[in-house]
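Quick note: numbers below take in every heavy atom, side chains included, and nothing from hydrogens, waters or symmetry partners.
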Amino acid sequence: MANRLATALGIEVPFIQGPMSWLTNAEFVAAVSNAGGLGILGPNAGQTEIIRDALGTAEHMRQEIRKVKKLTTKPFAVTLIGGQGGVTSDFTLKILDVVIEEEVPIALVNTVGAMTDGSYGIEPTLLAPLKANGIKLVVRSWQPSIKDALAVQAQGADVYVATGFDEGGTLPEKTIGSFSLIPMIADAIDMPLALAGGVADSRGVRAALALGADGVYVGTRLIPTFENSAHPKVKQLIVDSTAEDLKIFRTAPAYYRSLPTNVREQMVANDNNLSKQEAWATNAALMQGGSGMRLGMLEGDFDAGFVSVGTGISMIHKIQSVAEVVAELMADFK
């Protein structure tokens, strides 16, 4: 079954793996690519502790890239996080250098939506070198919109990812559900489009395609897999839970959601009892930057950490291999 997203990225099926911050490494990413999808190394791929200098982070990424190449000959990607108003962090610029030097075929560029100068799309400091080196671009905005999608299309990106409010991780400011967002974006652009947020079985894939998507971008569904580096407690918690167990709390830039942990209950209480700005600040401190997710999801510490997942957990009933998950979701493309 021909598919323009798969064709654009040179992959077998229209399945893009979400980078999930701490929960990717070379073995996991290669498993996704070998199953026919696009595996993506996340910002902290292969790390177990925070690396606080840009060069050290980039060199760690270089080693993960080289490991992926030993495990698969198929396309994969590396995540680059954009900044406000064209101001890219030194961490991202150092990883960009490694992506170019190691000849990574595809980059996932996370953008911020409207930048401080009012523009949208990929910031020039990332766009120019990526295009100059022939690297394919999958673009996912933390604040998806028609304006953002049109800007990305005009910049010549290969795939746009529309992220609905059903996702895990950093939630958009606008509370538009995935299956309301996707037709809105699909009607506005004419480029390959993937849906992120809430897709966890073949029914979700079919619904996404029926509403105008060309493929799916999947994170939560891949956490309870043998190859994923999440703590076993987290994998079992996902299997044993449904969307009814999730709660949302405010924190910068807008919201997060989490399964039950002690720190989640504190953050939900703050959201209920404090002003919006106070809740954002207090919860940001409790999240400890990226450490809260690392503690909760990588180490299984449910006292100090949290477990952020999407609403699709209701359709996850067992721990499987990556290949089994991709095959199940891509049943119509095999």
How far does [atom1] of [X] sit from [atom2] of [Y], to the nearest 0.5 angstrom?
| X | Y | atom1 | atom2 | result |
| --- | --- | --- | --- | --- |
| Leu211 | Leu195 | CG | CG | 8.5 Å |
| Ser21 | Met297 | OG | CE | 9.5 Å |
| Asp301 | Glu299 | CG | CD | 7.0 Å |
| Met293 | Asn44 | CE | CG | 10.0 Å |
| Glu227 | Ile223 | CD | CD1 | 14.0 Å |

Pairs of donor and acceptor atoms involving the side chains of residues 175-184, under 3.5 Å and at least two apart or interchain, shall be tabulated with distances.
unit_1	atom_1	unit_2	atom_2	d
Ser178	OG	Asp166	OD2	3.0
Ser178	OG	Gly197	O	2.6

When clusters are formed by joining ILVMFWY residues with side-chain heavy atoms under 4.5 Å apart, either directly or through shared neighbours, do [X] and [Y] land in the same one?
| X | Y | value |
| --- | --- | --- |
| Tyr217 | Ile81 | no |
| Phe226 | Leu71 | no |
| Leu286 | Phe249 | yes |
| Ile95 | Val109 | yes |
| Ile11 | Val205 | no |

Counting N and O atoms only, with roles assigned by atom type, does the side chain of [X] sit under 3.5 Å from a partner on the main chain of [Y], one being a donor and the other an acceptor?
| X | Y | result |
| --- | --- | --- |
| Lys233 | Gly300 | yes |
| Ser202 | Ala331 | no |
| Thr163 | Ala196 | no |
| Gln143 | Glu173 | yes |
| Ser241 | Ile238 | no |
| Thr311 | Ala243 | no |
| Lys235 | Asn228 | yes |
| Thr57 | Phe91 | no |
| Thr225 | Ser321 | no |
| Asp245 | Thr242 | yes |

Practice task
Scan Val263, Asn262, Leu295 and name whichever one has a side chain to side chain contact (heavy atoms under 4.5 Å, CB included) with Asp303.
Solution key: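 Only match with Asp303 under side chain to side chain contact (heavy atoms under 4.5 Å, CB included): Asn262.
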Mind checking whether [X] and [Y] have side chains closer than 4.5 Å, heavy atoms only?
| X | Y | value |
| --- | --- | --- |
| Ser141 | Tyr160 | yes |
| Glu324 | Lys318 | no |
| Leu80 | Asn110 | no |
| Leu222 | Val325 | yes |
| Thr79 | Leu41 | no |
| Ile16 | Ile40 | yes |
| Val239 | Gln236 | yes |
| Pro14 | Phe333 | yes |

Which pairs with one or both residues in [range] pass salt bridge (Lys or Arg N to Asp or Glu O under 4.0 Å), sequence neighbours excluded?
| range | result |
| --- | --- |
| residues 262-276 | Lys247-Glu265, Arg250-Asp271 |
| residues 70-82 | Glu12-Lys74 |
| residues 30-55 | Glu49-Arg294 |
| residues 129-156 | Arg140-Glu167 |

Exercise for the section: Test side chain to side chain contact (heavy atoms under 4.5 Å, CB included) on Ser229 and Leu298 and set out the steps. Expected result: CA-CA 7 Å; Ser229 54; Leu298 194 63; 4.0 Å; yes
Could you give the side-chain donor-acceptor pairs of residues 99-108 under 3.5 Å, partners two or more places apart or in another chain?
unit_1	atom_1	unit_2	atom_2	d
Glu101	OE1	Arg62	NH1	3.1
Glu101	OE1	Arg62	NH2	2.8
Glu102	OE1	Arg66	NE	3.2
Glu102	OE2	Arg62	NH1	2.9
Glu102	OE2	Arg66	NE	3.3
Glu102	OE2	Arg66	NH2	2.9

Residue list, salt bridge (Lys or Arg N to Asp or Glu O under 4.0 Å) with [X], at least two apart or on another chain:
| X | result |
| --- | --- |
| Asp201 | Arg203 |
| Asp158 | none |
| Asp187 | none |

Heavy-atom pair of closest approach, residues [X] and [Y]:
| X | Y | answer |
| --- | --- | --- |
| Gly312 | Ala200 | O-CB, 3.2 Å |
| Ala230 | Leu23 | CA-CD2, 3.8 Å |
| Ile146 | Ala188 | CG2-CB, 3.7 Å |
| Asn270 | Thr282 | ND2-CG2, 3.4 Å |
| Met115 | Gly121 | CE-O, 3.8 Å |
| Ser33 | Gly39 | OG-N, 3.1 Å |

Problem - Set of residues satisfying ring pair (Phe, Tyr, Trp, His ring centres under 6.0 Å) with respect to Phe306, sequence neighbours excluded - result: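 Listed in chain order: Tyr256.
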Practice task
For Tyr255, enumerate each residue passing the ring pair (Phe, Tyr, Trp, His ring centres under 6.0 Å) test, keeping only those at least two apart in sequence or located in another chain.
Solution key: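 With neighbours one apart ignored, the set is Phe165.
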Problem - Remaining members of hydrophobic cluster (4.5 Å side-chain criterion), Ile51 - result: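 So far as hydrophobic clustering goes, Ile51 is joined with none.
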Problem - Lys/Arg-Asp/Glu bridge criterion (N-O < 4.0 Å) met for Arg4, Asp190 - result: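 Counted as a salt bridge, because a side-chain N and a carboxylate O are separated by less than 4.0 Å.
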Problem - Val159/Leu193 under side chain to side chain contact (heavy atoms under 4.5 Å, CB included): CA gap, chis, key distance, verdict - result: CA-CA 6 Å; Val159 173; Leu193 176 64; over 6 Å; no
Problem - Side-chain donor-acceptor contact under 3.5 Å, Gln47 with Glu64 - result: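 Absent: no donor and acceptor within the cut-off.
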Practice task
Assess the side chains of Thr72 and Asn34: does a donor N or O sit below 3.5 Å from an acceptor N or O?
Solution key: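 Short answer, yes.
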Handout entry: Among Asp90, Asp97, Thr92, side chain to side chain donor-acceptor pair (under 3.5 Å) partner for Lys94
Key =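 Considering Asp90, Asp97, Thr92, a side chain to side chain donor-acceptor pair (under 3.5 Å) with Lys94 is found only for Asp90.
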